[in-house]
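Inspection log for the structure reproduced underneath, given as structure tokens.
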Amino acid sequence: MASPAVTRSSSRTRILGSVIVVAGILALTACAPGGNPETGTGPDPAGFWLGLWHGLIIVITFVISLFNPDVGIYEVQNNGGWYNLGYVLGVSIAFGGVGGAGGAAARGSRK
């Protein structure tokens, strides 16, 4: 039978672990983006193709944005889902995407 000191210690460890997990989940949900009130505004909001271009040039834009506060890496005035899809595709192409990962995994399993 476990001594009371060991039981108390494992109980405290579980409680501390639970508190850390809950705090982590709360921190992550606090970082979740909200709605964009500027979506679809302006005379010609950015669409899929502009989102794709912005995703492709993200590294260059990021470096410029470090020195120029008027440059952003994401167009706020966009048409929503289509711009976001183009942006994500552009970013994945710019950073190599996931296409090579399958080939690397297959090559690794053959050895």
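A chain of hydrophobic side-chain contacts below 4.5 Å, direct or via other Ile, Leu, Val, Met, Phe, Trp or Tyr residues, connects F95 to Y87.
Under the side chain to side chain contact (heavy atoms under 4.5 Å, CB included) criterion, I15 pairs with S11, V19, not counting sequence neighbours.
Judged by distance alone, the side chain of N68 and the main-chain N or O of S65 form no donor-acceptor pair under 3.5 Å.
V63 is listed as a side-chain neighbour of F67, based on a closest heavy-atom distance under 4.5 Å.
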Considering only distance and modelled atom types, tabulate donor-acceptor pairs under 3.5 Å from the side chains of residues 46-61, sequence neighbours left out.
unit_1, atom_1, unit_2, atom_2, d
H54, ND1, Y83, OH, 2.7
T61, OG1, I57, O, 2.8

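Once rounded to the nearest 0.5 Å, the distance linking CG of N84 with CG of L89 reads 11.0 Å.
In this structure, L16 belongs to a hydrophobic cluster whose other members, linked by side-chain heavy atoms under 4.5 Å apart, are I20.
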